[in-house]
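Hydrogens, waters and symmetry mates are skipped; everything else that's a heavy atom, side chains included, is used.
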Amino acid sequence: MALLQIAEPGQSAAPHEHKLAAGIDLGTTNSLVATVRSGVAETLPDEEGRHLLPSVVRYTPEGVVVGEEAKAAAAEDPHNTIASVKRLIGRGVSDLKTLGDRLPYEFVDTDSAVPRIKTVAGPVSAVEVSAEILKVLAARAEKTLGGPLTGVVITVPAYFDDAQRQATKDAARLAGLNVFRLLNEPTAAAVAYGLDRGAEGIHAVYDLGGGTFDISILRLNKGVFEVMATGGDSALGGDDFDRAIAEWIMQQAGIGGDASPQLLRSLMDKAREAKEALAQQDTVEIEVALPGGGQWKGQLDRATMNRLIEPLIRKTISACRRTLRDAGVRPAEIEDVVMVGGSTRTLRVRELVGEFFGTEPLVDIDPDKVVAIGAALQADVLAGNKPEDEMLLLDVIPLSLGIETMGGLVEKIVPRNTTIPVARAQEFTTFKDGQTAMAIHVVQGERELVADNRSLARFELRGIPPMVAGAARIRVTFSVDADGLLHVEAEELSTGVKASVEVKPSYGLTDEEIAGMLQSSIEHAGEDMAARRLTEQKVEAARVVEALRSALATDGDELLDAAERQRVERALHDLQQTADSASDAETIKQAIEQLEKTCEFYVERRMNSNIRKAMAGHKVDEFE
Amino acid sequence: MIELSRNYFELFGLPVRYTLDPVALAERYRELQRVVHPDRFANAPEQERRLALQQATLVNEAFETLRDPLRRAQYLLGLHGLDSNGETATTRDAEFLMQQMELREALASVSEAEDPGLRLDALMRDIRKMIDAQVAQLAVLFEEATPGSLEAAREAVSRMQFLNKLYNEAEAREAELEESF
């Protein structure tokens, strides 16, 4: 338990029970789940030995199919088979226009801010589709580990904005998962290589997938990772290598541009096979059945392939150069380059990246699995399986947060790269006499004009007492938690009248929508909602009881007098009895709240005592 | 909450002084985050997670305040019961204002120089030196901590605000130059 973790090192009271936890890489093309077993982090295969789960979900009248099977059906049933849903998650109806060309789906007209895809099973949102993928991965982990997961770490791209992060977390909630933390993908990759164990330094994470390229520059300072800059190209990847090779085959074999789609697809497959073979050998034989009958046979050597794909790799290097400039770092300052994504298996990619950064890229861990492995390591720590572990990952927010002011300009409240969690407040005032309401528009991004940034939420603060212009003092507070999720509150201060609002991102699902989805997914599974809630509350009650017990054992005597201790123990006993006997969730919930209220002073006292202990080795006069 | 009666310096176990050791500050910061960060409570009851979030937020805020020379000075003025945002003599200090105007003009005319990058570099170094001079002065003034020296500190803080703003504009100009290059 956490209360034990913050006790003196080496003093953990109870013999350690291993908590089941997993790391999930929820990818655009493929997803993976990994876990730490006997101290080793590894990805988990399905029953047929496949580690990668294609991020494809097919809706049929009979039910939902996820993975290879769904992928195989994509061509015959494109409208009900959803691939690359990560491109849609956390996106609003208005974003679809910019993404539209590449998406073969039909969207439903809806009042909700969240777009829904039309399928035979009814309209589905990106959150629901992602939840289906998460469910399959979680089930795989639970089956392998033989028990329910206490929590998961899910990775997200470093550049994901608040709405995309919130939506990812909603998907996990819908899949019934407890999210310990959302972790940036490049940070996860760095953790997999144990770079967090170094003292300090600047690292690059080069992530070249099938269709996207990302480069991140991370600074590590004694276990604290900071994303300094990210960049890339959302339409550049290994598929483009295949296309370049396929075009070469067409030229060599004299196949014209009017070739059938089937032939083109088979050429792309041949190209990919050739590319993969050339990572191991110097030349490869290629055979293609020609449209008019007959066959073309040819040979592709590595040098020729390199010539074909080099312009594409150079494009990624240009993006690296730009991103380094954003970070204010020279290539020579980069200590390590971590390679992520299947396309980094291509040898020429490794060579050119190594040349640019002046260091041998790290390739020991399978580039498809490295992110999931890092997530699993972090999940293991967060589950409390390594109480002595010093690893702490402090993330930053990737994009500035602000609100709209006069003239469509943005006033930044939390600048990008601020370490989270963070809370920042700014005061604003009314600009008209007698103004009683104020519209607040929350945006995220670096540009000066509201229109160039991402709109996250709009809300109104009402009930401001009428005053002359400029007299009201409206304090807007932005709080960002450790997952990078934002809450905004506004409050009028000058008269003591308080009105505050909490907002959810414009493109997020409302709580009602999520509740509805949960309800229907549970009905679908034939489970009883009340029974599930009861179990959840019983687990939470057990968690509270266990935490308090170990707390009392550790420092109850030190921090509590006899009367206080008696009070705490009585409350503890009450909760336990209630949890054992109650048949509805609400009763237990109330009992937990009651206990929390009774013990509030003790929990705070412990926290303060731990802070004092952490600082106790230092005397103020050591600086005199 | 962390005991609110304690100020940021005490929270980090540091003496309440303007001059501080940035390495020690960063070390204390990490030690504190290891105790209070929400990741340490990922598996704890809801109440503890809420408390951890609040405290980690406060520790971050305290760290950001103390490590920045301007914010640290403003915070110290606040501890002495002085508002650092009010009007000070600086804004009526003709000589300082004149110097500011000259620096601004120099910044605006950087692109006319033969080598704009070099010219901007020199200008940024000058501004940096002036900021450092305020920091050095603040260290002495806060050490004295008489009503007169605190008023002088308030003026130095106000000058630093001007200079910081100017420096930020110079940085933005630098990014523009690099981009066009």
Quick check on A/Glu540 against chain B: is it the side chain, the backbone, both or neither that has a heavy atom closer than 4.5 Å? side chain
Is it true that atom CD of A/Glu448 has more than 12 heavy atoms of other residues, nucleotides or ligands lying nearer than 6.0 Å? no
Given a strict heavy-atom distance threshold of 4.5 Å, which part of B/Glu46 is in contact with chain A: side chain, backbone, both, or neither? both
Looking at CD of A/Gln378 and CG of B/Asp39, how far apart are the two atoms once the value is rounded to the nearest 0.5 Å? 5.5 Å
With rounding to the nearest 0.5 angstrom, report the OH to CG distance, B/Tyr29 to A/Leu394. 4.5 Å
Nearest heavy-atom pair of A/Ala547 and B/Glu48: which atoms, and what distance? CB-OE2, 4.0 Å
Proximal component of A/Glu593, with respect to chain B [non-hydrogen, under 4.5 Å]: neither
Acceptor/donor pairs from residues 119-141 of chain B side chains to any protein atom, 3.5 angstrom cut, sequence neighbours excluded:
from	atom 1	to	atom 2	distance (Å)
B/Gln134	OE1	B/Arg159	NE	3.1

Looking only at non-hydrogen atoms, find the nearest pair between B/His37 and A/Ala482 and report the distance. CE1-CB, 4.1 Å
Assess the residue pair B/Gln54 and A/Met607 against the criterion (side chain to side chain contact (heavy atoms under 4.5 Å, CB included)); give the C-alpha distance rounded to whole Å, side-chain angles, the decisive distance to 0.1 Å, and a yes or no. CA-CA 12 Å; B/Gln54 269 175 22; A/Met607 194 71 94; over 6 Å; no
How close do B/Asn60 and A/Ile420 get, counting heavy atoms only, and between which atoms? ND2-C, 3.5 Å
Largest heavy-atom contact set with chain A, pairs under 4.5 Å, which of B/Leu20, B/Thr19, B/Thr57, B/Leu53: B/Thr57
I need the minimum non-hydrogen distance between B/Glu61 and A/Ala423, along with the two atoms involved. OE1-O, 3.8 Å
Crowding at NZ, A/Lys412 (>12 non-hydrogen neighbours, <6.0 Å): yes
Value for CG (A/Leu548) from CD (B/Gln47), rounded to nearest 0.5 Å, stands at 9.5 Å
If you look at every heavy atom in A/Leu382 and B/Ala42, which pair is closest and at what distance? O-CB, 3.5 Å
CG of A/Asn610 to CD of B/Gln55, rounded to nearest 0.5 Å, is 9.5 Å
Residue pairs fulfilling salt bridge (charged side-chain N to carboxylate O under 4.0 Å, His left out) with at least one residue in residues 97-116 of chain B, sequence neighbours excluded: B/Arg104-B/Glu169
